[in-house]
Engineer: 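Here's a structure for you.
Every value quoted in this text rests on a predicted model; they were computed, and no experiment measured them.
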Amino acid sequence: MARIETSVQIAAPAELIYAFFVPQRMPYWYGADMEAYFEVQGGAPDFAVSQKVRVSGHLGKREVSHTAVVTAVQQARLFEWRFEDRYGVKGLERWEMGFAGASSAQGAQKTTVRMFSAYTMPGTLGKAMDWLVTRHAVARRNLDYLTRLKRYAEHGEPDECGINLEPAGE
């Protein structure tokens, strides 16, 4: 099983960052490279434990998707799901948020966000490809996801519904 941990420090409180862990906003930063679309079981506006989520999109001309089951939710602290894609890749993704202090310049709260990915690829060829290529691509992709999340949490952008995502005080 491959295990990858990536972290980033964000100059925003965990409550603001966690606002991006909802089905409507998560595609802004998670899966943006594939123009992800989230289909949530029952059309729920928020994630809940045991809920199924289908994440789909396109990488080039190829359609990609995986189904996830939410396994842990703690407001402004933790989000986790287990997933499986149509190629038999199974795994877990977990995001933890923790207080990292206050920025001395503006007094703004800083939060460390850690993303954990653990997955297995089927077959001998899959395991070889993981060792050579996939784990490096996943680490790079996870860093891209967290960097995008950081940009939105620190600078905000309005969503398509006109909701202001600007951090307080800006």
Side-chain angles (χ1 to χ4, degrees), residues 1-40 44-49 51 53-59 64-66 68-83 85 91-119 134-170:
M1 176 175 278
R3 297 177 193 276
I4 297 166
E5 180 180 339
T6 310
S7 65
V8 66
Q9 200 168 82
I10 300 176
E15 293 78 14
L16 187 142
I17 296 165
Y18 199 77
F20 290 93
F21 285 83
V22 294
Q24 308 87 329
R25 291 188 183 131
M26 206 163 166
Y28 287 133
W29 62 272
Y30 180 94
D33 52 332
M34 64 181 206
E35 297 177 5
Y37 177 74
F38 284 48
E39 296 174 64
V40 181
D46 294 309
F47 292 117
V49 173
Q51 185 179 57
V53 181
R54 179 178 156 88
V55 180
S56 56
H58 290 87
L59 283 175
V64 294
S65 68
H66 68 269
V69 176
V70 178
T71 52
V73 174
Q74 291 180 15
Q75 182 73 27
R77 296 188 63 214
L78 170 71
F79 181 76
E80 176 185 275
W81 61 26
R82 293 191 179 279
F83 67 87
D85 71 13
L92 170 128
E93 290 181 319
R94 177 182 179 98
W95 294 267
E96 296 176 353
M97 286 153 256
F99 181 70
S103 171
S104 58
Q106 300 169 344
Q109 184 176 332
K110 293 191 288 187
T111 304
T112 299
V113 178
R114 287 185 179 83
M115 181 178 180
F116 301 92
S117 293
Y119 62 90
T134 307
R135 69 180 54 232
H136 304 291
V138 169
R140 192 170 36 255
R141 180 206 67 186
N142 289 359
L143 182 58
D144 288 346
Y145 286 173
L146 291 181
T147 300
R148 201 173 289 117
L149 175 62
K150 175 182 173 77
R151 185 175 66 241
Y152 285 129
E154 289 181 349
H155 303 291
E157 289 200 15
D159 71 10
E160 286 128 17
C161 298
I163 296 171
N164 185 359
L165 302 177
E166 292 289 327
E170 287 194 24

Engineer: Atom CG of L149 and atom CE of M26: how far apart are they, to the nearest 0.5 Å?
Structural biologist: 9.0 Å
Engineer: How long is the span from the CD atom in E96 to the CG atom in L78, to the nearest 0.5 Å?
Structural biologist: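 Answer rounded to 0.5 Å: 6.0 Å.
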Engineer: Below 3.5 Å, can you tabulate the donor-acceptor pairs from side chains in residues 29-37 to any protein atom, sequence neighbours excluded?
Structural biologist:
| unit_1 | atom_1 | unit_2 | atom_2 | d |
| --- | --- | --- | --- | --- |
| W29 | NE1 | F20 | O | 3.0 |
| Y30 | OH | E93 | OE1 | 2.6 |

Engineer: Could you grab the distance from atom OH of Y119 to atom CG of L92, nearest 0.5 Å is fine?
Structural biologist: 13.0 Å
Engineer: Determine the minimum heavy-atom distance between I10 and A153, stating which atoms define it.
Structural biologist: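 Taking I10 first and A153 second, the nearest heavy atoms are CG2-CB, 3.8 Å.
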Engineer: Any side-chain heavy atom of Q75 sitting closer than 4.5 Å to one from Y18?
Structural biologist: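 Side-chain contact under 4.5 Å: yes.
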Engineer: Testing the basics here: between K110 and A11, what is the closest heavy-atom pair and its distance to 0.1 Å?
Structural biologist: CG-CA, 4.1 Å
Engineer: Is it true that a side-chain atom of Q51 and a backbone atom of V70 form a donor plus acceptor pair closer than 3.5 Å?
Structural biologist: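 No, Q51 side chain to V70 backbone: no donor-acceptor pair under 3.5 Å.
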Engineer: Taking all heavy atoms of Q9 and all of T112, pick out the closest pair and write down the distance.
Structural biologist: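 Closest pair (atom of Q9, atom of T112, distance): NE2-OG1, 3.8 Å.
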Engineer: Inspect the surroundings of CZ in R135 and state if more than 12 heavy atoms from other residues, nucleotides or ligands are less than 6.0 Å away.
Structural biologist: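 Count over threshold, so yes.
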Engineer: Grab the two heavy atoms, one from V73 and one from V49, that are nearest each other, plus how far apart they are.
Structural biologist: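 Result for this residue pair: N-CG2, 3.9 Å.
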Engineer: Verify the ring-centre separation between F79 and W81: is it less than 6.0 angstrom?
Structural biologist: yes
Engineer: Run V64 and D85 through side chain to side chain contact (heavy atoms under 4.5 Å, CB included) and show every step you take.
Structural biologist: CA-CA 8 Å; V64 294; D85 71 13; over 6 Å; no
Engineer: Given Y28, which of Y152, F21, F38 fulfils the ring pair (Phe, Tyr, Trp, His ring centres under 6.0 Å) condition?
Structural biologist: Y152
Engineer: Please assess L143 against R140 for the test side chain to side chain contact (heavy atoms under 4.5 Å, CB included), listing each intermediate value before the final yes or no.
Structural biologist: CA-CA 5 Å; L143 182 58; R140 192 170 36 255; 5.8 Å; no
Engineer: Working to the nearest 0.5 Å, report the span between OG of S7 and CH2 of W95.
Structural biologist: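 The CH2 atom of W95 is 14.5 Å from OG of S7, to the nearest 0.5 Å.
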Engineer: What is the distance from atom OG of S65 to atom CZ of F83, rounded to the nearest 0.5 Å?
Structural biologist: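 Atom-to-atom, S65:OG and F83:CZ are 12.0 Å apart.
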Engineer: What heavy-atom pair brings M115 and L146 nearest, and what distance separates the two atoms?
Structural biologist: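 For M115 versus L146, the nearest heavy atoms are CB-CD1, 3.9 Å.
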Engineer: Looking at Q109 and A14, what are the two nearest heavy atoms and their distance?
Structural biologist: NE2-N, 4.2 Å
Engineer: Working to the nearest 0.5 Å, report the span between CZ of R54 and CD of E39.
Structural biologist: 5.5 Å
Engineer: Walk me through it: do S56 and H66 pass the test side chain to side chain contact (heavy atoms under 4.5 Å, CB included)?
Structural biologist: CA-CA 7 Å; S56 56; H66 68 269; over 6 Å; no
Engineer: Ion pair present between E5 and R3, side-chain N to carboxylate O less than 4.0 angstrom?
Structural biologist: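 Here E5 does not pair with R3 in a salt bridge, since their nearest N and O are not under 4.0 Å apart.
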